[in-house]
There are 2 protein chains.
Amino acid sequence: MEKSELFKAVGKRIKELREAKGLTQVDLAGKMEGEFDTTNVSRIEAGRTNPTLYNLYRIAVALEVDLEELVRVF
Amino acid sequence: MEKSELFKAVGKRIKELREAKGLTQVDLAGKMEGEFDTTNVSRIEAGRTNPTLYNLYRIAVALEVDLEELVRVF
DNA sequence: TTTAATGTTGCCATATATGGCATTAAGTAA
DNA sequence: TTACTTAATGCCATATATGGCAACATTAAA
């Protein structure tokens with residue numbers, strides 16, 4: 001699997017999980033532990049960046065899913 | 001779960017999977033798609049850095065496991 | 001129409017992951 | 001002892017994720 005494909009797949013998954021909970025990108029950033037800019041939520045969902053483990057983890061916690069769920073892209 | 005705990009847990013998992021395959025850190029870096037420095041294998045396994053999604057993915061491929069396996073730390 | 005909410009994108013600054021190399025240490029075998 | 005392998009770590013340079021803000025487009029509601 002190619003790099004940008006991976007990013008897009010994970011981003012899509014995050015977006016789906018977020019919308020399933022009825023959250024906006026602003027809501028998600030706000031629910032995350034510590035600081036997180038909404039700009040980055042957009043970038044990660046769009047697959048335009050290579051997110052770090054810790055940010056994926058914080059997103060998973062905010063979305064109330066296991067980290068595995070976010071990276072189950074096959 | 002705290003940040004450095006997460007890194008250590010994922011690092012430990014990588015180390016276990018690597019050793020289960022009888023690979024050295026050099027072997028693992030060598031098997032990874034593209035370039036990857038052995039220094040970083042050590043850093044990631046030790047939990048001293050916050051690895052990116054793409055590098056976790058490349059490690060998973062080299063270790064012949066799903067990415068989910070690497071982040072199943074609970 | 002105006003207003004507000006949502007998301008994307010561009011820009012720049014900062015923080016940090018990684019590349020790359022050298023050193024160090026521990027283990028193992030000669 | 002020496003020589004080799006493996007891994008950890010320190011240093012510096014570079015690449016890039018993120019912070020933070022502004023501008024823009026879209027949609028929906030008044």
Side-chain angles (χ1 to χ4, degrees), chain A residues 1-65 67 69-71 73, chain B residues 1-65 67 69-71 73:
Chain A
M1 182 179 221
E2 203 259 328
K3 198 170 173 176
S4 79
E5 258 186 280
L6 173 70
F7 299 162
K8 285 196 208 320
V10 170
K12 187 178 171 192
R13 190 137 193 96
I14 291 170
K15 182 182 171 79
E16 285 167 358
L17 291 164
R18 175 178 62 77
E19 290 178 339
K21 298 234 172 237
L23 300 175
T24 66
Q25 291 183 348
V26 174
D27 293 334
L28 174 55
K31 277 195 77 179
M32 288 172 66
E33 169 83 20
E35 295 294 320
F36 203 71
D37 200 274
T38 60
T39 303
N40 294 321
V41 176
S42 178
R43 287 194 274 232
I44 290 172
E45 284 191 0
R48 290 203 179 72
T49 194
N50 182 9
T52 59
L53 173 60
Y54 184 55
N55 286 335
L56 291 173
Y57 172 75
R58 285 196 291 166
I59 290 170
V61 171
L63 293 176
E64 299 169 67
V65 297
L67 182 50
E69 289 271 344
L70 290 198
V71 299
V73 291
Chain B
M1 183 181 221
E2 203 260 326
K3 197 169 174 175
S4 79
E5 258 186 280
L6 173 70
F7 299 161
K8 286 197 207 321
V10 170
K12 186 177 172 193
R13 190 139 192 95
I14 291 170
K15 183 182 171 81
E16 285 167 357
L17 290 164
R18 175 179 62 78
E19 290 177 339
K21 298 233 173 239
L23 300 174
T24 66
Q25 291 182 350
V26 174
D27 293 334
L28 174 56
K31 277 195 76 179
M32 288 172 67
E33 169 83 20
E35 296 294 320
F36 202 72
D37 201 273
T38 60
T39 303
N40 294 321
V41 176
S42 177
R43 286 195 273 233
I44 291 171
E45 285 191 358
R48 290 203 180 73
T49 194
N50 182 9
T52 59
L53 173 60
Y54 184 54
N55 287 335
L56 291 173
Y57 172 75
R58 287 196 290 166
I59 289 170
V61 171
L63 292 176
E64 300 169 66
V65 297
L67 181 50
E69 290 270 344
L70 289 197
V71 300
V73 290

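These numbers come from the heavy atoms of this one structure, side chains and all, not from hydrogens, waters or symmetry mates. Letters A, B, ... are given to chains in the order of the sequence lines, protein chains preceding strands, and every chain is numbered from 1.
- For A:Lys3, the side chain to side chain contact (heavy atoms under 4.5 Å, CB included) partners at least two apart in sequence or on another chain are A:Phe7, B:Tyr54.
- Taking atom CG of A:Leu23 as the reference point, atom C1' of C:dT6 lies 13 Å away to the nearest angstrom.
- Applying the salt bridge (charged side-chain N to carboxylate O under 4.0 Å, His left out) rule to pairs touching residues 54-65 of chain B yields B:Lys31-B:Glu64, sequence neighbours excluded.
- Between the two ends of the helix from C:dT1-D:dA30 to C:dA30-D:dT1, each summarised by a five-pair axis, the helix axis turns through 30° (rounded to 10 degrees).
- Counting only residues at least two apart or on different chains, the salt bridge (charged side-chain N to carboxylate O under 4.0 Å, His left out) pairs with a member in residues 19-28 of chain B are B:Lys15-B:Glu19.
- For A:Ser4, the side chain to side chain contact (heavy atoms under 4.5 Å, CB included) partners are A:Glu2, not counting sequence neighbours.
- Tested against A:Glu45, the residues A:Lys8, A:Lys12, A:Arg18 include a single salt bridge (charged side-chain N to carboxylate O under 4.0 Å, His left out) partner, A:Arg18.
- Contacts classified as salt bridge (charged side-chain N to carboxylate O under 4.0 Å, His left out) and involving residues 33-44 of chain A (residues at least two apart or in different chains) are not found.
- Contacts of B:Ser42 classified as side-chain hydrogen bond (donor to acceptor under 3.5 Å, both in side chains), with partners at least two apart in sequence or in another chain: none.
- Distances shorter than 4.0 Å separate none of the side-chain N or O atoms of B:Gln25 from OP1 or OP2 on D:dT5.
- Checking the phosphate oxygens (OP1, OP2) of C:dT8, a side-chain nitrogen or oxygen of A:Ser42 falls inside 4.0 Å.
- Contacts of A:Val61 classified as side chain to side chain contact (heavy atoms under 4.5 Å, CB included), with partners at least two apart in sequence or in another chain: A:Tyr57.
- With sequence neighbours excluded, the residues that form a side chain to side chain contact (heavy atoms under 4.5 Å, CB included) with B:Ala46 are B:Arg48.
- B:Glu69 is linked by a salt bridge (charged side-chain N to carboxylate O under 4.0 Å, His left out) to B:Arg13, B:Arg72, counting only residues two or more places apart in sequence or in another chain.
- Heavy atoms of A:Thr24 sit under 4.0 angstrom from primed sugar atoms or phosphate atoms, though from no base atom.
- Near-neighbour residues of DNA chain C inside residues 10-19 of chain A, defined by a heavy atom below 4.0 Å, number-ordered: A:Arg18.
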At under 4.0 Å between heavy atoms, which parts of nucleotides 17-24 of chain C does protein reach? Answer with one letter per nucleotide, 5' to 3': B base, S sugar-phosphate only, - none.
-> SBBBB---
